[in-house]
Amino acid sequence: MVPLSILVIDDENAMCETLNFALAAQGYRVITASDGREGLRKFLAEDVALVITDIVMPEIDGIGVLRKIKEASPQTPVIVMSGWRRLGRTFYLEAACALGADDSIAKPFTIQQMKMKIDHCISR
């Protein structure tokens with residue numbers, strides 16, 4: 001059986017590495033990107049079942065990534081994550097969900113919390 005591919009987009013290398021390691025151990029094929037532009041390029045080039053994207057990133061932020069992915073493939077689940085606290089991460093997570101994100105998670109989170117979000121999105 002071919003493992004599901006998850007694209008993780010985050011400008012924090014440590015987050016990409018952590019999710020890569022943890023999700024690969026769960027049997028997923030993980031693709032990482034260090035910014036929104038690279039993430040969109042990989043999304044269009046790869047067979048991606050689910051996208052996890054940070055919201056606050058340089059160049060193309062997670063909201064821009066979300067919009068482009070939903071335009072290209074409305075059925076692809078997108079989970080947004082944010083640890084940014086300047087205006088309150090809840091504001092950004094709620095805004096992303098209003099724009100079509102399938103779920104959201106605030107940083108820091110546990111791998112188990114992320115796995116539950118992934119399972120929920122994939123089961124839909």
Side-chain angles (χ1 to χ4, degrees):
M1 187 160 129
V2 177
L4 290 177
S5 295
I6 296 178
L7 173 60
V8 177
I9 309 168
D10 198 316
D11 59 329
E12 294 178 34
N13 191 45
M15 181 58 70
C16 285
E17 288 177 4
T18 298
L19 287 174
N20 185 9
F21 178 78
L23 297 177
Q26 297 283 324
Y28 296 105
R29 177 177 170 256
V30 182
I31 305 158
T32 61
S34 61
D35 61 48
R37 189 174 310 283
E38 179 185 10
L40 289 171
R41 190 172 57 252
K42 288 184 176 183
F43 177 77
L44 294 172
E46 302 277 347
D47 182 23
V48 174
L50 182 136
V51 176
I52 301 169
T53 184
D54 190 25
I55 291 180
V56 179
M57 296 183 292
E59 291 190 49
I60 301 174
D61 66 9
I63 300 297
V65 168
L66 170 65
R67 284 185 174 139
K68 294 285 187 185
I69 288 171
K70 290 300 184 176
E71 286 172 11
S73 180
Q75 74 282 0
T76 301
V78 178
I79 299 172
V80 295
M81 57 184 171
S82 180
W84 207 51
R85 291 171 179 81
R86 185 170 179 184
L87 294 176
R89 67 181 162 210
T90 303
F91 169 79
Y92 291 104
L93 296 175
E94 288 173 358
C97 287
L99 292 170
D102 296 273
D103 212 334
S104 65
I105 192 165
K107 295 177 185 177
F109 53 81
T110 66
I111 295 303
Q112 184 60 32
Q113 289 169 321
M114 179 58 83
K115 180 77 170 79
M116 287 176 20
K117 300 279 185 178
I118 292 168
D119 291 345
H120 180 253
C121 285
I122 289 175
S123 70
R124 286 198 246 168

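From a predicted model like this one, the values you see are computed outputs, not experimental measurements.
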Under 4.5 Å between side-chain heavy atoms, hopping through other hydrophobics if needed: is there a path connecting I69 to L44?
-> yes
T76 versus A49, closest heavy-atom pair with distance = CG2-O, 4.1 Å
Do you know the tightest heavy-atom contact between T53 and G62?
-> OG1-CA, 4.0 Å
Evaluate the side-chain proximity of F43 to V65: yes if any heavy-atom separation is below 4.5 Å, no if none is.
-> no
With sequence neighbours left out, the residues meeting side-chain hydrogen bond (donor to acceptor under 3.5 Å, both in side chains) with D47 are none
Quick check: are there more than 12 heavy atoms from other residues, nucleotides or ligands sitting under 6.0 Å from CZ of F21?
-> no
Going by heavy atoms in the side chains, are L4 and I118 under 4.5 Å from each other?
-> no
So which heavy atom on D10 is nearest to which on K107, and how close?
-> OD2-NZ, 2.8 Å
Heavy-atom closest contact (G27 atom, P3 atom, distance) = O-CB, 3.0 Å
Enter the distance from D61:CG to R67:CZ here, rounded to the nearest 0.5 Å.
-> 8.5 Å
Is there a salt bridge (Lys or Arg N to Asp or Glu O under 4.0 Å) between K70 and D102 once you walk through the steps?
-> CA-CA 10 Å; K70 290 300 184 176; D102 296 273; 2.8 Å; yes
pair D54-I9: side-chain heavy atoms closer than 4.5 Å = no
Is M15 reachable from M116 through a run of I, L, V, M, F, W or Y residues, each pair having side-chain heavy atoms under 4.5 Å apart?
-> no
Rounded to the nearest 0.5 Å, what's the gap from CG on L23 to CD1 on I31? Could you check?
-> 12.0 Å
Sequence-distant partners of E59, side-chain hydrogen bond (donor to acceptor under 3.5 Å, both in side chains), two or more places apart | R37
Validation row: D103, P77 side chains within 4.5 angstrom (heavy atoms) = no
Inter-residue atom distance M57.CE - I63.CD1, 0.5 Å rounding | 9.5 Å
Under 4.5 Å between any side-chain heavy atoms of I122 and L50, yes or no?
-> yes
Heavy-atom side-chain contact between I52 and M114 under 4.5 Å = yes
How about K117 and M81: do any of their side-chain heavy atoms sit closer than 4.5 Å?
-> no
Say whether, by atom type as modelled, one donor and one acceptor occur between the side chain of K42 and the main chain of T32 under 3.5 angstrom.
-> yes
Which atoms form the tightest heavy-atom contact between L66 and G100, and what is the distance?
-> CD1-C, 4.0 Å
Can I79 be reached from I111 by stepping across I, L, V, M, F, W or Y side chains whose heavy atoms are under 4.5 Å apart?
-> yes
Would a distance-only check, ignoring hydrogens and angles, find a side-chain to backbone donor-acceptor pair under 3.5 Å from T18 to A14?
-> yes
